[in-house]
There are 2 protein chains.
Amino acid sequence: MGRWEPNARGRLEEAALELFAERGFEQTTVAAIAERAGLTERTFFRHFGDKREVLFSSEPFSGAITEAVGAAPEGTAPFEAVARALERLGEVLQDRRERALKRQAVIAANPELQERELVKLASLARTMAAALRERGTPELPAILAAEAGIAVFRVAFERWLDDSETREMPELIRSGIDELKAVTGTGQEARPA
Amino acid sequence: MGRWEPNARGRLEEAALELFAERGFEQTTVAAIAERAGLTERTFFRHFGDKREVLFSSEPFSGAITEAVGAAPEGTAPFEAVARALERLGEVLQDRRERALKRQAVIAANPELQERELVKLASLARTMAAALRERGTPELPAILAAEAGIAVFRVAFERWLDDSETREMPELIRSGIDELKAVTGTGQEARPA
DNA sequence: ACGTTTATGTCAGTCACTGACATCAGGTGG
DNA sequence: CCACCTGATGTCAGTGACTGACATAAACGT
């Protein structure tokens with residue numbers, strides 16, 4: 001049980017999620033997380049920049065996004081490419097609903113964690129914007145398409161986790177995209193349901 | 001010079017901005033800010049929840065937003081109401097360019113501050129969405145319109161502070177809005193410049 | 001003038017986070 | 001098989017953000 005147990009990082013993530021769920025984020029010290037993982041506090045900070053990061057660093061999103069945006073057929077409009085990338089991202093999430101639910105419960109209970117989540121989403125937006133520019137979209141449209149896409153994703157994700165919602169991510173995202181198109185359209189009234 | 005000098009909070013904000021600009025955010029201790037303001041560290045934390053908040057709490061945005069969204073003529077489409085509120089917000093900023101520039105330089109130099117800025121923008125989005133619902137917009141469109149609006153605001157604000165940009169906020173916002181409409185439109189190609 | 005309220009000061013303590021240095025497992029070359 | 005090196009971990013001491021409890025002094029009402 002000395003040093004060199006495998007997957008120290010993973011054990012820390014696991015221990016942290018458990019403890020945050022049990023006692024809450026603030027009531028959990030980094031020392032406690034490290035202890036449950038069979039490590040020391042110092043080692044925790046070698047794996048994660050700060051206490052919050054342990055909940056966010058294993059997100060596989062960034063890579064999938066760039067790939068999915070790039071995968072859209074040439075000539076696809078930027079916002080449509082974003083829509084497809086998000087649907088793709090939604091698929092990746094399918095399996096993880098249980099864990100996502102637990103994680104979001106922890107995040108929902110703590111403003112500091114919500115703050116960090118915003119950072120991650122903003123970073124996702126930048127990644128997506130960069131991928132769009134890669135395929136020839138000018139900067140301003142790229143940024144706006146990406147940011148708007150993230151807004152749709154955020155809303156869809158939240159609904160997906162809601163128990164009263166039965167639709168799956170790709171469908172929720174597509175409907176959010178359509179709703180956004182409607183709302184930014186030139187119509188004079190809130191569109192009928 | 002004892003207690004009761006007027007405007008303790010304002011003095012703290014002033015001292016903080018100066019010190020952050022001089023030495024940087026991390027290199028400035030709360031004790032140093034308090035000292036320059038003629039107060040103690042403990043008093044600082046009675047006025048601001050944390051060290052970052054001293055840069056953000058005096059934003060007069062929230063109130064102006066609700067008002068401006070509500071002020072749009074009845075029957076105005078939600079996204080148009082958002083557009084007008086943002087233009088209004090842009091006007092409020094006109095005078096403050098100097099200070100905004102200094103503030104943004106400090107923020108740009110520190111990730112923790114950027115994190116807090118995202119929180120403030122997200123909160124602005126929620127405020128705007130709530131104001132839209134107040135005037136009858138259903139929830140989903142309200143959230144999407146507000147979030148998209150904030151994306152436009154963020155981009156416009158950044159450009160406004162850019163030295164090579166000569167346009168004023170309201171115009172920048174209007175052009176961002178138009179760009180977003182174009183990008184979420186149903187066209188098949190990136191629209192020509 | 002006196003009590004009350006409110007803003008501030010003082011002090012001790014917790015905990016996130018860091019730098020410097022020690023240690024131990026595993027691989028590598030001789 | 002041993003000496004050496006590398007990388008992950010441990011140990012320790014320190015800084016600084018933030019908090020709770022209590023003391024104090026200015027302002028305010030009566």
Side-chain angles (χ1 to χ4, degrees), chain A residues 1-20 22-58 106-107 109-117 119-120, chain B residues 1-58 106-107 109-117 119:
Chain A
M1 182 94 85
R3 306 174 174 190
W4 267 232
E5 290 291 317
N7 195 21
R9 189 188 183 89
R11 269 152 49 215
L12 286 167
E13 288 171 359
E14 204 55 39
L17 183 55
E18 287 171 15
L19 287 169
F20 292 164
E22 291 170 17
R23 320 177 186 169
F25 178 78
E26 298 215 332
Q27 283 62 48
T28 304
T29 67
V30 172
I33 299 170
E35 188 184 9
R36 177 167 300 199
L39 295 165
T40 64
E41 192 179 356
R42 191 65 182 87
T43 296
F44 177 97
F45 286 110
R46 287 204 183 90
H47 284 279
F48 306 100
D50 62 43
K51 185 181 170 189
R52 286 174 278 171
E53 196 63 15
V54 69
L55 263 183
F56 294 93
S57 71
S58 73
V106 170
I107 293 173
N110 191 287
E112 295 179 54
L113 294 173
Q114 294 160 35
E115 202 164 355
R116 179 57 50 86
E117 191 175 37
V119 169
K120 296 301 174 176
Chain B
M1 182 91 85
R3 305 174 173 191
W4 267 230
E5 291 292 315
N7 195 21
R9 189 187 183 88
R11 269 153 47 215
L12 286 167
E13 288 170 359
E14 203 56 38
L17 183 55
E18 287 171 15
L19 287 169
F20 293 164
E22 290 170 15
R23 318 177 186 168
F25 178 77
E26 298 215 332
Q27 283 62 49
T28 304
T29 67
V30 172
I33 299 171
E35 189 185 10
R36 177 168 300 198
L39 294 165
T40 64
E41 192 179 356
R42 191 66 182 87
T43 296
F44 177 97
F45 286 110
R46 287 203 182 90
H47 284 278
F48 306 100
D50 61 42
K51 185 182 170 188
R52 285 173 279 170
E53 196 64 15
V54 68
L55 263 183
F56 294 92
S57 72
S58 74
V106 170
I107 293 173
N110 191 287
E112 296 180 55
L113 294 174
Q114 294 161 35
E115 202 165 356
R116 180 57 50 86
E117 191 174 38
V119 169

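Reminder, nothing fancy here: chain letters follow the sequence lines and each chain counts from 1.
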query = With sequence neighbours excluded, what pairs up with Gln27(A) under the side chain to side chain donor-acceptor pair (under 3.5 Å) test?
reply =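 Applying side chain to side chain donor-acceptor pair (under 3.5 Å) to Gln27(A) gives none.
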message = Going by the rule side chain to side chain donor-acceptor pair (under 3.5 Å), which residues pair with Glu35(A) if we only count those two or more places apart in sequence or in a different chain?
response =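 Checked Glu35(A) against side chain to side chain donor-acceptor pair (under 3.5 Å); zero matches.
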Separation of atom [atom1] in [X] from atom [atom2] in [N], rounded to whole Å:
X	N	atom1	atom2	answer
Phe48(B)	dA7(C)	CZ	P	14 Å
Arg52(A)	dA17(D)	CZ	C1'	13 Å
Gln27(A)	dT19(D)	CD	P	13 Å
Glu26(A)	dC18(D)	CD	C1'	11 Å
Arg9(A)	dT9(D)	CZ	P	11 Å
Asn7(B)	dT8(C)	CG	C1'	15 Å
Lys51(B)	dC18(D)	NZ	P	8 Å
Leu12(B)	dA17(D)	CG	P	14 Å

Looking at residues at least two apart in the chain, or sitting in another chain, which of them share a salt bridge (charged side-chain N to carboxylate O under 4.0 Å, His left out) with [X]?
X	value
Arg23(A)	none
Glu14(B)	Arg99(B)
Glu112(B)	none

task = Can you sort out which residues in residues 40-47 of chain B have a heavy atom within less than 4.0 Å of DNA chain C? Ascending by number, please.
result =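 Residues of residues 40-47 of chain B under 4.0 Å from DNA chain C: Thr40(B), Arg42(B), Thr43(B), Arg46(B), His47(B).
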message = To check you understand the geometry: which heavy-atom pair defines the closest contact between Ile33(A) and Leu12(A), and what is its length?
response =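 So the minimum-distance heavy-atom pair works out to CG2-O, 3.7 Å.
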query = Where the side chain of Thr29(A) is defined as all heavy atoms beyond and including C-beta, which of dC15(C), dT9(D), dC17(C) is the nearest nucleotide?
reply =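 In terms of side-chain proximity for Thr29(A), the closest of dC15(C), dT9(D), dC17(C) is dC15(C).
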query = Side chain of Trp4(B): nearest nucleotide among dG16(D), dT8(C), dC15(C)?
reply =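 Looking only at heavy atoms from C-beta outward on Trp4(B), the closest nucleotide is dT8(C).
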inquiry  = Quick one, Asn110(B) and Phe20(B) - any side-chain contact, counting heavy atoms below 4.5 Å?
reply    =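 No, every pair of side-chain atoms sits at 4.5 Å or beyond.
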All side chain to side chain contact (heavy atoms under 4.5 Å, CB included) counterparts of Asp50(B), not counting sequence neighbours =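 So Asp50(B) forms a side chain to side chain contact (heavy atoms under 4.5 Å, CB included) with Arg52(B), Glu53(B), Arg116(B).
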Name the pairs: protein N/O against N/O of nucleotides 2-4 of chain C, kept only if under 3.5 Å.
none

Let me check something: any side-chain donor-acceptor pairs from residues 41-49 of chain B under 3.5 Å, sequence neighbours excluded? List them with distances.
{"from": "Thr43(B)", "atom 1": "OG1", "to": "Thr40(B)", "atom 2": "OG1", "distance (Å)": "3.3"}

